[in-house]
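On a predicted model such as this, the values are computed, not experimentally measured, just so you know.
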Amino acid sequence: MELIAINIIDGLVTGLLLFMLSSGLTLIFSMMGVLNFAHASFYMLGAYFAYQISMYIGFWPGLVIAPLAVGIGGALVERYGLRRVHQYGHVPELIFTFGLALLIEEVVQFFWGKNQMAYEEPEILQFAAFAIGGNSVPAYKVFMIFVSVGIFMGLLYVLTKTRVGMVIQAALSYPRTVEALGHNVPLVFMGVFGVGTALAGVAGVIAGPVLGTFPGMAVLLGSIVFVTIVIGGLGSLWGALIASLLIGWLTTFAASYNVEFESILLFFGLEKPEIMSESALRDIWTMTLPQIGPILPYILMILILVFRPYGLFGKRDV
Amino acid sequence: MTQTAHSRSSTAATMFSVASVLPWLLAALLLLALPTVFPSNSALTIMNQMAITIVFALAYNMLLGQGGMLSFGHAVYMGVGGFMCVHIMNYVEVNEAPVPLPLLPIFGGLFGLGLASIVGSFSTRKAGTVFAMISLGVGELIAACSIIIVAFFGGEEGISGDRTYMMPFFEVEFFTQIEVYYLTAFWLLLAAFLMYLFSRTPIGRMANAVRDNPERAEFLGYSARWVRYYSFCASGFFCGIAGALFAINFEILTEENLNLATSGSILLITFLGGIGVFFCPIVGAIVFTLLQTVLSLETELWQLYLGALFLATVMFFPDGLSGVLMRHANIVQRGRPQILVSPYTKMAIPALVTVLASAGLCEVLFHGRHAATGEHSMVLYWITIDTHSLLPWVVLIGCALGGFGLCKRIAPDVLEAWDEASRPGGVNP
Amino acid sequence: MKKLVKLMSATMLATAVGAFSAAADTVKIAFIDPLSGPFATTGSNGLAEYKFAAEELVNKQGGVLGGQEFEIVAFDNKMSGKESLINVQVAIDQGIKFIAQGNSSGIAHAITDAVDKHNRRNPDNRVLFLNYSAVDPALTNDKCNFWHFRFDANADIKMDALTDVMAQNKELGKVYLIGQDYSFGKAVAAAAVRDLSSKRPDIEIVGNELHPIGKVKDFTPYARKIVSSGADAVITGNWGSDMVGLGKAIIEAGFEGPIYTYYAASNGITRTFGEAGKGSIYLVGEGFQNPPASDRMSKYVEEFNAKYPDHDISQARITNVVEMLARAIDEAGSATDVVKIAYALEGMEHDSLWGGKVFMRPDDHQAIQNVHVGVHTDEDMKHPLDNSPYGIYSTSMVEMASANSPTSCKMKRP
């Protein structure tokens with residue numbers, strides 16, 4: 001029971017972190033129709049920038065400056081890279097972001113080297129907030145929850161209650177009409193791309209100390225972000241939230257319970273091979289749930305795409 | 001486009017005319033002659049690797065270029081074909097089954113085809129993002145399985161076999177690299193030819209139609225889904241052949257053959273070469289293999305340059321490196337290359353200086369950051385320089401900026417000349 | 001046009017491959033390890049150690065065979081089996097007789113297999129494989145061959161030493177095993193179960209699990225399980241970012257016992273653990289630098305760190321590789337007759353720079369040496385790691401660990 005409670009909290013942290021990435025990605029997708037493969041790379045840039053800033057002036061300024069820098073970088077990429085490729089169609093756009101992801105990883109290694117960076121939580125948050133059954137929850141994780149919920153609220157407010165949000169929503173569906181009404185749609189695109197990447201930057205800043213700041217951090221998270229927004233339904237903010245939490249809890253619980261496939265196979269009436277090391281299926285018999293935990297989201301995604309190609313909350317085909 | 005193709009494929013006589021057979025003959029002669037130019041074993045290994053990449057890239061382009069389907073997990077079809085071939089090798093070694101090595105690629109192809117026909121049955125129902133994402137998921141799934149299911153995939157150390165235990169083929173036992181080279185070259189030619197023929201069949205033609213306008217194809221009475229499915233299966237078959245060639249060459253397959261990095265790099269290779277025309281990916285495969293094997297021996301920063309080259313290609317030459325070459329071929333055909341000669345020569349020197357100076361700057365910067373303390377000298381372009389003195393920095397930055405400035409000034413002239421050279425019709429002012 | 005491109009690339013190939021053939025009478029060692037990509041840190045560290053060792057321990061001492069110097073030729077294998085095999089081929093073509101590799105047992109398997117095949121097919125141009133780090137026990141057991149020499153203590157030997165030390169801790173009641181889901185992780189877990197149950201049957205193994213390698217974003221759920229299981233100690237073979245992630249998560253979740261590891265040092269790991277890991281991260285290995293074994297060793301480490309401030313001596317056995325190879329070449333009287341050199345290496349006893357002896361066991365070509373267990377700390381730290389105040393301090397040592405351990409190797413000698 002205690003383990004369930006603590007897993008719910010841990011899964012929430014993972015899910016909300018994932019949401020910060022997937023919300024930006026889903027916004028960019030619904031606006032520009034392009035899956036930004038470099039999204040997780042901006043997350044990595046956020047962490048590295050924040051690390052560099054924290055070396056000089058501490059963690060808190062980094063929390064503000066690093067995402068801003070990432071957002072500006074993202075806007076510049078849109079202005080001088082994507083907009084140029086846009087005319088060739090969607091596939092080159094997608095491949096452009098794919099190449100960009102590779103390049104960013106190389107550039108990060110060029111400047112910071114390949115080692116893990118000693119980027120740490122601020123000292124003020126280095127204590128255990130509370131403990132459930134001997135398992136302590138660091139205050140930093142509580143802080144992460146508050147930041148992500150705050151961002152979700154802010155995003156929802158801007159998109160639904162402000163004038164800028166209205167223009168963005170309109171530009172999503174009818175870009176030409178909005179342009180005819182005198183709004184600068186390319187500027188809106190650039191802004192959305194900048195804000196989306198800045199959100200990824202925030203995620204990097206707050207996740208860097210917990211999940212580690214190293215050149216592989218983008219790849220580790222890259223494809224799972226796609227899985228999230230595909231499951232949630234492309235372009236849907238609520239879908240991204242639900243799918244992020246779903247995946248957060250799915251992976252957390254899968255890692256926590258050593259369900260053995262042996263018991264499942266026996267339950268289905270299969271006979272256990274007598275000499276395990278000789279059996280061709282020995283690996284399936286000895287498999288456990290934590291072993292396959294990280295690939296569960298992919299299985300979920302394939303199932304969803306086969307049976308419901310527009311995702312959980314999407315309105316159109318992905 | 002469709003019309004010319006139609007008339008071409010309808011008359012079998014034109015298909016086997018001299019003009020269409022000539023390139024294949026020349027390619028065969030070239031493949032025969034290459035080992036006399038590069039007899040060393042490592043050159044042969046690199047050329048084998050190139051041939052394998054070419055088969056794989058062509059097979060991948062059957063989907064991306066001709067079918068308009070973007071796959072993020074295509075390495076698994078090549079990988080699984082290769083894994084099966086190593087298992088066959090080991091089976092032959094133990095049971096002394098009469099299977100000669102040169103036939104192995106057929107088995108690899110069949111297993112690639114088998115896997116593709118299973119996965120394709122649900123992944124090709126839709127094109128676009130749905131297909132791309134399913135391919136990503138399946139790719140990740142099988143790559144993950146390769147670590148978990150040790151009995152078949154051998155875990156991270158993979159499984160290895162020995163090609164020389166296969167049945168001798170006309171006394172040839174494939175001990176030496178040169179024998180393997182000729183085997184690979186033969187299969188390269190055969191696979192490329194078959195893929196080319198496939199692109200000429202009605203189903204290959206319909207793949208183009210479904211890529212460009214699936215609704216219209218449906219109205220014409222073709223099921224877009226089945227057209228995609230057949231292309232997918234065919235692509236899987238040729239990927240399997242590439243996998244078998246890999247198994248023959250390296251005699252080992254590992255998780256690396258299945259993972260997303262390999263799937264991603266074949267996408268890069270194909271796009272680098274160009275996806276528009278059947279032969280384009282060949283250029284990408286050759287350039288990429290050279291960069292990977294040769295440039296990486298020269299500099300640790302090769303991936304940085306590769307990434308930059310790739311981005312530049314996507315941004316400025318969306319039809320790939322061979323697209324650029326082909327446009328020039330067009331101009332040469334029209335007999336107007338002379339217009340380009342002078343602006344190109346004017347451009348070439350500053351452009352070359354800019355690129356070399358920028359790369360040099362990266363190298364010096366990298367050396368300064370990561371070299372041993374006290375090791376101030378490095379060799380850059382055959383010149384030994386001191387990274388801690390000001391001179392090389394000034395020279396490099398000066399060259400880079402100056403070259404870039406010159407390029408920017410000359411660029412409009414080049415563009416103008418280009419427009420003039422590629423303008424249809426006669427040369428008139 | 002296609003042909004033109006082919007021709008152009010072919011010329012490039014010719015110049016590139018031809019450029020290597022410049023011959024000097026140096027003894028070349030091909031260093032094949034990742035120098036780019038996510039695993040490049042360990043690779044470039046190893047390269048620096050090899051270069052330094054060749055320079056200081058051989059070339060400055062007058063070289064081998066009366067004046068031939070050692071030269072380390074670096075190849076980037078990008079942590080890929082395929083690239084490694086191409087590198088081996090290029091190295092052989094350049095006339096290199098010695099191939100050194102260490103990172104990843106998977107690649108070591110590929111190379112040892114390729115070297116064995118090459119030597120069988122080309123008896124007049126044989127090469128040796130000097131494995132300085134890949135610790136999968138199979139390499140010196142079922143998969144052993146005459147051309148492969150391992151200078152590191154393998155996973156079983158390290159576990160044997162570690163459990164010897166753990167067995168003396170009478171308070172230890174429950175142990176949790178966790179590792180990466182691949183051959184090495186499994187080998188560590190199997191060895192731990194075997195050794196603990198024979199040495200201390202009263203110790204309960206409360207968890208024994210594998211997680212996917214390099215795919216886990218957040219280790220917190222694993223850490224929760226470990227804390228809830230009530231374990232007193234954790235054993236893990238994790239390396240790289242999986243090690244950092246797991247270690248940090250376990251400590252953060254409130255675990256207070258020792259975490260016994262194979263690879264939790266250097267390459268940024270020591271610095272990242274910092275204060276949090278003090279007294280809780282333990283390491284098993286050879287060639288520990290604290291306390292220093294001798295003044296000569298201290299001097300060597302200091303000079304290395306002065307020359308390569310970004311690197312550490314994280315794979316101390318590299319000095320043994322270089323010194324023992326130099327001795328074997330001198331004994332064999334030839335730098336090209338690798339059969340003679342291999343026979344000279346077999347059974348060689350060597351005084352290690354790091355104290356104690358190294359014995360190359362002829363039965364399986366496994367080096368037998370002293371194995372230490374040390375703790376991550378900043379107290380009494382003469383040679384810290386990662387430019388941080390922290391380092392590894394040896395707390396116990398097992399002399400000539402597992403010298404009589406059985407091997408299933410059936411060595412075929414030429």
Answer with side chain, backbone, both or neither: which region of [X] has an atom nearer than 4.5 Å to a non-hydrogen atom of chain B?
| X | answer |
| --- | --- |
| A/Val219 | neither |
| A/Phe96 | both |
| A/Ile104 | neither |
| A/Val306 | both |
| A/Leu94 | side chain |
| A/Leu102 | side chain |
| A/Phe37 | side chain |

Can you tell which part of [X] gets under 4.5 Å to a heavy atom of chain A, answering side chain, backbone, both or neither?
| X | result |
| --- | --- |
| B/Cys362 | both |
| B/Ile134 | both |
| B/Leu304 | both |
| B/Leu267 | side chain |
| B/Leu306 | neither |

Would you say the side-chain atoms of B/Ser146 pair up with the backbone N or O of B/Ala143, donor to acceptor, closer than 3.5 Å? yes
Taking B/Thr270 for the side chain and B/Asn61 for the main chain, is one N or O donor matched with an acceptor at less than 3.5 Å? no
Please say which of B/Phe232, B/Phe111, B/Phe56 ends up in a ring-ring contact (aromatic ring centres under 6.0 Å, His included) with B/Tyr77.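 Single ring-ring contact (aromatic ring centres under 6.0 Å, His included) partner of B/Tyr77 among B/Phe232, B/Phe111, B/Phe56: B/Phe232.
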Is the distance between the ring centroids of A/Phe313 and A/Trp238 under 6.0 Å? no
Ring centers of A/His39, A/Phe226 separated by less than 6.0 Å: no
Top contributor to chain A contacts, counting heavy-atom pairs under 4.5 Å, from B/Leu311, B/Val314, B/Thr313: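 Answer, by heavy-atom pair count under 4.5 Å with chain A: B/Leu311.
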Pick from B/Leu268, B/Leu260, B/Leu64 with the largest number of heavy-atom pairs that fall under 4.5 Å of chain A: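 Highest number of pairs under 4.5 Å: B/Leu268.
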Looking at A/Gly293 and A/Ala254, what are the two nearest heavy atoms and their distance? CA-CB, 3.9 Å
Minimal non-hydrogen separation, B/Phe288 against B/Ser265, with atom names: CZ-CB, 4.1 Å
For the residue pair A/Phe253 and A/Tyr257, categorise the inter-ring angle as parallel (less than 30°), tilted (30 to 60°) or perpendicular (more than 60°). parallel
A/Thr228 versus A/Ser244, side-chain donor and acceptor atoms under 3.5 Å: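 No.
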Test log, rule ring pair (Phe, Tyr, Trp, His ring centres under 6.0 Å), inputs B/Tyr229 and B/Trp226: CA-CA 5 Å; B/Tyr229 181 68; B/Trp226 286 107; 5.4 Å; yes
Between A/Val107, A/Leu103, A/Ile95, A/Val85, which residue shows the highest count of heavy-atom pairs closer than 4.5 Å to chain B?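 Of A/Val107, A/Leu103, A/Ile95, A/Val85, A/Ile95 has the most heavy-atom pairs under 4.5 Å with chain B.
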Heavy-atom pairs under 4.5 Å with chain B - which of A/Leu100, A/Leu35, A/Val91 has more of them than the others?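 The candidate making the most pairs under 4.5 Å is A/Leu100.
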